[in-house]
Amino acid sequence: MARTEHPGAGLRERWLPHPLMTLTLVVVWMLLLNGFSLGGLLLGAVLGVVIPIVTSHFWPGRPPLQAWDRALAFTALALWDVIVANVIVARLILFRDPATLASRWVRLPLELRSPEAITILAGTISLTPGTVSCDLSADGRALLVHCLDAPDAEAAVREMKTRYEARLKEIFP
Amino acid sequence: MAIWLEALIALLIVVSGVFILVGSLGLLKLPTLMMRLHAPTKATTLGVGGALLASMGFFWAVEGTISVHELLVTAFLFLTAPVTAHFIAKAHLHLERKRDGGERERLPQTGTGSGWSTYDPAPQTGGEEGDSAPGEG
């Protein structure tokens, strides 16, 4: 990896390879403690520095996350869809004869390339209405999704692409 | 504790209980593994979520303490549920291939020139682009 010219950047990259992960770790640590104390914060900060350095080999790239407002909007949309998904799947289980369910595999061609974005897309698909993402093509360009009830496979794919992938493309350009 | 708060917490517990029950019913009722996989990844997320909200509300109203562990439980649940479903699906695909009878799952083509990563290795890259998506199964 080519080093940048700024002398400060190398130092920061060495000690804080993933500032966001550091922040997340500190916040999660404070939440785990379920109360605030200076010692807790200090230990959290130490963990927040040490863990990203130790595990930095697992995270070769930095996800180029932009547009925080859109990321928040996406989270809200996904949460709402999880609630809707629960009601839809519950209705299917309770009131439909399983033999009439049009359960099928569909292929979702991916335009996203960043592994982080694909992971978020696959996770969202798994949590939302009647779909579970099951496999990725070996070159990472298509996602295998199983639908519980999709009479129209084309429409299901189109909805996943416009509802989630298009938004993720704006968040991870 | 205010009566409306009590009612709200009770409602949350009942609703979450219903969703967990339906999720379990789905496990019992649906005919194939892939269909059964949908029940626990969905119905239980809301079920557990509702119970956690009720727990937060209860401790806030009764003990006056704000408990945030529930938020963490929710976050970890949302992280792990898709991963578990993914693992089960992959194990299922491997088993289906091993069985290889007439009823093997008919997967759609990837349409990208290489197969699904459960079955096929990642295409060889020129070595220049070091970190392409790993396709381990």
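Treat the numbers as computed from the prediction; the structure is a model and nothing was measured. A note on names: the letters A, B, ... follow the listed sequences, proteins ahead of strands, and every chain is numbered from 1.
Both A/Leu43 and A/Leu25 sit in one connected hydrophobic cluster of ILVMFWY residues. Membership requires side-chain heavy atoms under 4.5 Å apart, directly or through other members. Transitive grouping of hydrophobic side chains (ILVMFWY, heavy atoms separated by less than 4.5 Å) brings A/Ile83 and B/Phe19 into a common cluster. Both A/Leu136 and A/Val106 are members of a single hydrophobic cluster when ILVMFWY side chains are connected at heavy-atom separations under 4.5 Å. Both A/Ile88 and A/Trp80 are members of a single hydrophobic cluster when ILVMFWY side chains are connected at heavy-atom separations under 4.5 Å. A/Ile93 and A/Phe95 fall within a single hydrophobic cluster, where Ile, Leu, Val, Met, Phe, Trp and Tyr side chains are chained together by heavy-atom contacts under 4.5 Å.
Take B/Glu70 and apply the salt bridge (Lys or Arg N to Asp or Glu O under 4.0 Å) test, not counting sequence neighbours, and it matches no residue.
Interface remark: A/Ile118 contributes no atoms to any contact with chain B (heavy atom separation under 4.5 Å). At a 4.5 Å heavy-atom cutoff, the contact between A/Val87 and chain B is made by backbone and side-chain atoms alike. With a 4.5 Å cut-off on non-hydrogen atoms, A/Leu79 touches chain B through its side chain but not through its backbone. Using a 4.5 Å cut-off between heavy atoms, A/Arg91 makes no contact with chain B at all. Contacts of B/Phe78 with chain A are made by both backbone and side-chain atoms, with heavy-atom separations under 4.5 Å.
Counting heavy-atom neighbours within 6.0 Å of A/Leu38 CG, excluding the residue itself, gives a total of 12 or less.
Within the 4.5 Å cutoff, the side chain of A/Leu32 has no heavy atoms near those of the B/Val68 side chain. A/Leu101 has its side chain within reach of B/Met35: a pair of non-hydrogen atoms, C-beta onward, lies under 4.5 Å apart. When side chains are defined from C-beta on, A/Leu94 counts as touching B/Leu25, because their heavy atoms get closer than 4.5 Å. Put simply, the side chain of B/His38 does not reach to within 4.5 Å of the side chain of A/Ser103, judged on heavy atoms.
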* Please step through side-chain contact (heavy atoms from CB on, under 4.5 Å) for the pair A/Val82 and B/Leu46, ending with a clear verdict. => CA-CA 8 Å; A/Val82 168; B/Leu46 196 58; 5.5 Å; no

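Nearest heavy atoms, A/Val132 versus B/Ala85: CG1-CB, 4.0 Å. Across B/Pro82 and A/Ser126, no two heavy atoms sit closer than the pair CB-CB, 3.6 Å. When all heavy atoms are compared, the tightest approach of B/Ala81 to A/Leu127 is CB-CD2, 4.2 Å.
Per-residue heavy-atom pair counts under 4.5 Å with chain B were compared for A/Ala153, A/Cys147, A/Ala122, and the maximum is reached by A/Cys147.
In this structure, OG1 on A/Thr119 lies 9.5 Å from NE2 on B/His86, to the nearest 0.5 angstrom. Considering OG of B/Ser16 and CG of A/Asn86, their distance stands at 11.0 Å, rounded to 0.5 Å. Distance CG/A/Leu92 to NZ/B/Lys29: 9.5 Å, rounded to 0.5 Å. Rounding to the nearest 0.5 angstrom, the gap separating the CH2 atom in A/Trp105 from the CG atom in B/Leu93 is 4.5 Å. Note that the CZ atom of A/Arg96 and the CG atom of B/Leu30 stand 11.5 Å from one another [nearest 0.5 Å].
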